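Contents: one structure, followed by commentary.
Values below: all heavy atoms of this structure, side chains included; hydrogens, waters and symmetry mates excluded. None of these values were measured; they are calculated from a predicted model.
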Amino acid sequence: MEPQTWRCIRVRWRRPNASDLTVAGALYYLLYLQPEVPLLIDAVVSMLSLRCIRVDRAD
């Protein structure tokens, strides 16, 4: 096995745009209307669609 060289991983936070909030709200509403989707899944999907947390490699 060869040794792996790991780079630093950077986590950044940014504020959501109005378009991100609109998409998140629409996704939440559409998933909320589906009776077979749990409420927790609705909230998680809408939070992930905000794109507030960015993970990338720091060079």
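By the neighbour-count criterion of 12 heavy atoms within 6.0 Å, atom CG of L21 is densely surrounded, having more than that number from other residues, nucleotides or ligands.
Note on residues 17-31: pairs passing salt bridge (charged side-chain N to carboxylate O under 4.0 Å, His left out), not counting sequence neighbours, are R14-D20, D20-R51.
No path of Ile, Leu, Val, Met, Phe, Trp and Tyr side chains, each step under 4.5 Å between heavy atoms, connects L31 with L50, placing them in separate hydrophobic clusters. Residues L40 and V37 do not share a hydrophobic cluster, defined by chaining ILVMFWY side chains whose heavy atoms lie under 4.5 Å apart.
Listed by chain and number, the residues in a side-chain contact (heavy atoms from CB on, under 4.5 Å) with L48 are V44 (sequence neighbours excluded). With sequence neighbours left out, R15 forms a side-chain hydrogen bond (donor to acceptor under 3.5 Å, both in side chains) with no residue at all. Every side-chain contact (heavy atoms from CB on, under 4.5 Å) that E36 has, sequence neighbours left out, goes to Q34. Listed by chain and number, the residues in a side-chain contact (heavy atoms from CB on, under 4.5 Å) with L39 are Y28, Y32, D42 (sequence neighbours excluded). Remark: L30 pairs with no residue by the side-chain contact (heavy atoms from CB on, under 4.5 Å) rule, at least two apart or across chains.
Nearest heavy atoms, P16 versus C52: CD-SG, 3.6 Å.
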